Amino acid sequence: QKSIARLISMGISTERPEDKYAEMVKSDVHMKREKEKLISKQLTMERTEKETKKRKKKRIGKKVQQEVLKKRADDKKGMIEKVKKNRKGKAEQAEAEDIEINN
């Protein structure tokens with residue numbers, strides 16, 4: 001009893017703290033390493049996501065470009081056919097006029 005009174009007078013607590021078992025199990029150095037690992041994992045995940053999005057955009061861009069080129073080729077082909085028909089029509093018309101003039 002005297003010793004407890006003496007410890008209290010010296011300012012030293014004699015009772016256990018309520019959160020005695022809440023102390024850190026791992027050291028600060030270890031926790032720092034774990035935090036760095038988590039951050040690096042997160043960064044690599046973000047990088048891979050960006051790369052996959054970039055690849056998808058590239059694929060979509062290629063498809064769009066192919067469609068545009070195909071459309072241009074189809075338009076060009078259509079214009080060439082129209083020109084041929086127009087030339088053929090004018091040639092037939094000229095022949096018809098020559099025949100009428102000769103008659």
Side-chain angles (χ1 to χ4, degrees):
Q1 294 295 340
K2 290 180 183 179
S3 60
I4 291 176
R6 208 167 158 195
L7 285 172
I8 291 173
S9 66
M10 292 171 73
I12 300 172
S13 65
T14 57
E15 297 175 357
R16 288 185 178 164
E18 291 179 19
D19 61 345
K20 176 184 178 258
Y21 296 106
E23 292 181 21
M24 295 286 289
V25 177
K26 298 179 181 178
S27 66
D28 290 338
V29 175
H30 181 74
M31 291 304 292
K32 187 176 179 182
R33 275 186 277 155
E34 291 297 319
K35 187 175 181 182
E36 289 173 356
K37 284 181 187 178
L38 289 173
I39 290 172
S40 66
K41 282 183 182 179
Q42 186 178 11
L43 290 174
T44 54
M45 290 296 289
E46 289 175 1
R47 282 189 207 126
T48 54
E49 286 177 8
K50 284 181 183 178
E51 288 174 6
T52 53
K53 286 180 183 178
K54 190 175 179 181
R55 283 188 214 116
K56 284 182 182 178
K57 284 183 180 180
K58 191 174 181 180
R59 285 186 204 133
I60 292 170
K62 283 183 179 181
K63 286 180 183 177
V64 169
Q65 185 65 23
Q66 288 174 348
E67 289 173 5
V68 167
L69 292 174
K70 186 177 179 182
K71 184 180 178 197
R72 284 183 188 167
D74 291 342
D75 290 344
K76 186 177 179 181
K77 191 182 284 185
M79 287 297 290
I80 290 172
E81 288 177 12
K82 285 180 183 178
V83 168
K84 284 182 182 178
K85 286 180 183 178
N86 194 2
R87 285 182 185 169
K88 187 176 181 182
K90 285 185 178 180
E92 289 175 0
Q93 221 176 22
E95 287 177 16
E97 288 177 6
D98 287 340
I99 293 173
E100 290 177 11
I101 292 174
N102 290 336
N103 288 337

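Model, not experiment: these values are computed from the prediction.
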Shared-cluster residues of Ile39, by chain and number - hydrophobic side chains joined below 4.5 Å: Leu43
Hydrophobic cluster partners of Ile8 (side-chain heavy atoms under 4.5 Å):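 Cluster partners of Ile8: Ile4.
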Side-chain touch Arg33/His30, heavy atoms, less than 4.5 angstrom: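 A side-chain contact exists here, since the closest heavy-atom pair is under 4.5 Å.
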Show me, pair by pair, the donor-acceptor contacts under 3.5 angstrom made by side chains of residues 45-60, not counting sequence neighbours?
residue: Thr48; atom: OG1; partner: Thr44; partner atom: O; Å: 3.1
residue: Thr48; atom: OG1; partner: Met45; partner atom: O; Å: 2.7
residue: Thr52; atom: OG1; partner: Thr48; partner atom: O; Å: 3.2
residue: Thr52; atom: OG1; partner: Glu49; partner atom: O; Å: 2.7

Mind checking salt bridge (charged side-chain N to carboxylate O under 4.0 Å, His left out) for Lys37 and listing every partner two or more places apart, or none if nothing turns up? Glu34
Using the side chain to side chain contact (heavy atoms under 4.5 Å, CB included) criterion, which residues pair with Leu69? Sequence neighbours excluded. Gln65, Arg72
Can you list, pair by pair, the side-chain donor-acceptor contacts under 3.5 Å of residues 73-81, counting residues two or more places apart and other chains?
none

